[in-house]
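Reading through the structure tokens given below for one structure.
Numbers restart at 1 for each chain; the letters A, B, ... are given by sequence-line order, proteins then strands. Keep in mind that what you see is a predicted model, and the values were worked out from it rather than measured.
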2 protein chains.
Amino acid sequence: MNEEQSIDKNSVIPIYYQLAKLLESQILHGELKPGEALPTETEIANRFEISRMTVRRAIAELITAGMVHAQQGKGTFVSPPKLNNVVFELNNFNQEIKDFGLKLSTTLLGAHIVRADERLMRIFQLDSSTTRLLYFRTVVSAEDERLAYERKYTIYSKSKPILESNLQDPTLSGLVTANNDVLPVSTKKVLQVSVTTAEEAAILGIGVNAPVFVIEETLYDLENKPVGWSKSIYRGDRYQLTGYDGWLRKDNHGGINLG
Amino acid sequence: MNEEQSIDKNSVIPIYYQLAKLLESQILHGELKPGEALPTETEIANRFEISRMTVRRAIAELITAGMVHAQQGKGTFVSPPKLNNVVFELNNFNQEIKDFGLKLSTTLLGAHIVRADERLMRIFQLDSSTTRLLYFRTVVSAEDERLAYERKYTIYSKSKPILESNLQDPTLSGLVTANNDVLPVSTKKVLQVSVTTAEEAAILGIGVNAPVFVIEETLYDLENKPVGWSKSIYRGDRYQLTGYDGWLRKDNHGGINLG
DNA sequence: GAGTGGTCTAGACCACTGA
DNA sequence: CAGTGGTCTAGACCACTCG
């Protein structure tokens, strides 16, 4: 045992990266178990004849990855794998379909100027119903199959006519920036499940009471003021979200991997 | 304008943290716009009479937060806010209910030893149906209202009797560690939407064809071998996921906030 | 008090960019 | 070529933990 693994100081791969991978490997192979302490920073620095700052940089990588945690005055310890913090990336929703080789197309159902009703006044924090909003309805399809129905609203401050360019970037963010001078800087999405209404079923070409994902998105500007809102539904039989957590093996066996 | 904001070198708050917040503030107030370059690291170091390494530490915070990106040989630039990478943390599912003040309770519907059928053999990558599995069915309730129905499986290697302690940690991870000597180190969750079957509706006390979240979780050990699997359904009218992205204001006005 | 991690310095050399 | 960020060093002092 204890075959001293080594660091190549002359490699193009940074020392901190080599050391981080070495420590990660020891943890993934069970040589360092959850709760056990890593060697102290000074010990590691002496053993590999590198600077303590470089050791700290390596350990910082592991801390970010959630594999170890440091306690001032005590030491650095292997963390038990966190399994309760799975995150679902919403990218997948349309991205995975593209990766699957299908072409997505967006069809415009309608673009209207509307005045704010009570619900929209609340969402956009308006105190007057005279504010004009752009109401934009689209359907996302893949290979002639309709997958999602999206209803988007944005404050319509420009007096320009509605631009056809809206369809080039049919995201809510694109719609907002195309029709306003504000820069959306943050977003909030709420995911719920529901079943189709008669109208939604007809638009998607599926049955009534079919299960769907519902996503409400709100875009905010620098002042934290809502500048865009959308409610979209996605066919439940065509979409799913996948998430991971814990000590993930990114499996960097072979291949070039620069930090 | 250009009122020189300052750094207190004698503060208990680290210099890198003060500088990071200062730069972040300039970005959030629009003084530095997306695409614009930050002052060079040397410039910042000279202006505040601090070490370049400390400047780099501050900028590293902003890079992690996704607000800036560095390009070797060119400079460090303000990034446009990323709005397409919303992540939903599954914590919320039961956590928010607790935060709301309700008490969650888990009721055991049944705990059986079963042999692997074809589906379970595939899930657990087994080549023999003689492997014994523990099948664990529970219902999660809040204030006498049933919210979720969970079906969990784990390889049952110990010859111990089924422990009552399983109910103390009713998570899949807890079930696996209580009945095996393996340590689950990573997890995969797939989220889908569906509607209740007659059996599920009866167990949850709601109608048939009601919308529900379906979450299938697989737990893996160090060798990437499945050691636990569960399929759970959550009432669609009681659960939702919320996610954020972009330049988030964590709003640290007042209050103690140590980096 | 000895030992730990947390911060900070003032340099050094490198890789990359663009004129 | 000058200027940028990327890595690394060999120290220093501090805050914290625990005996």
- Query: Hey, mind stepping through A:Thr187 and A:Glu217 against side-chain hydrogen bond (donor to acceptor under 3.5 Å, both in side chains) and telling me if it holds?
  - Reply: CA-CA 7 Å; A:Thr187 184; A:Glu217 174 173 18; 2.8 Å; yes
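- B:Ile59 comes within 4.0 angstrom of nothing in the nucleic acid, heavy atoms only.
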Given protein heavy atoms under 4.0 Å, the one-letter contact record of nucleotides 10-19 of chain D, with B base, S sugar-phosphate only and - none, is simply B-B--BBSS-
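- Of the side-chain N and O atoms in B:Thr54, one or more sit less than 4.0 angstrom from OP1 or OP2 of C:dT9.
- Contact between the side-chain N/O atoms of A:Arg57 and the OP1/OP2 oxygens of D:dC8 is not found at any separation under 4.0 Å.
- Atom C1' of nucleotide C:dG6 and atom CD1 of A:Ile63 are separated by 11 Å, given to the nearest angstrom.
- At distances below 3.5 Å, not a single donor-acceptor pair connects side-chain atoms of A:Ser25 with backbone N or O atoms of A:Lys21.
- Taking the six-membered ring for Trp, A:Tyr239 and A:Phe213 have ring centres at least 6.0 Å apart.
- The main-chain N or O of A:Val182 is never found under 3.5 Å from a side-chain atom of A:Asp221 such that the two would form a donor-acceptor pair.
- One finds the OH atom of A:Tyr220 at 11.0 Å from the CG atom of B:Leu248 (value rounded to the nearest 0.5 Å).
- Screening B:Thr154, B:Thr218, B:Val176, B:Leu172 for a side chain to side chain contact (heavy atoms under 4.5 Å, CB included) involving B:Trp229 leaves a single residue, B:Thr218.
- Contacts between residues 75-82 of chain B and DNA chain D, defined by a heavy-atom separation under 4.0 Å, are made by B:Gly75, B:Thr76.
- Listed for the B:Lys189 side chain is no donor-acceptor partner under 3.5 Å among the backbone atoms of A:Leu241.
- Side-chain N/O atoms of B:Arg56 include none lying less than 4.0 angstrom from OP1 or OP2 on D:dG5.
- Every residue meeting the salt bridge (Lys or Arg N to Asp or Glu O under 4.0 Å) condition with A:Glu61, not counting sequence neighbours, appears here in chain and number order: A:Arg57.
- Of the side-chain N and O atoms in B:Tyr16, none sit less than 4.0 angstrom from OP1 or OP2 of C:dC8.
- When the C1' atom of D:dT7 is taken as reference, atom CZ of A:Phe48 falls 18 Å away, rounded to whole Å.
- Rounded to a whole Å, the CD atom of A:Gln18 is 12 Å from the P atom of D:dT7.
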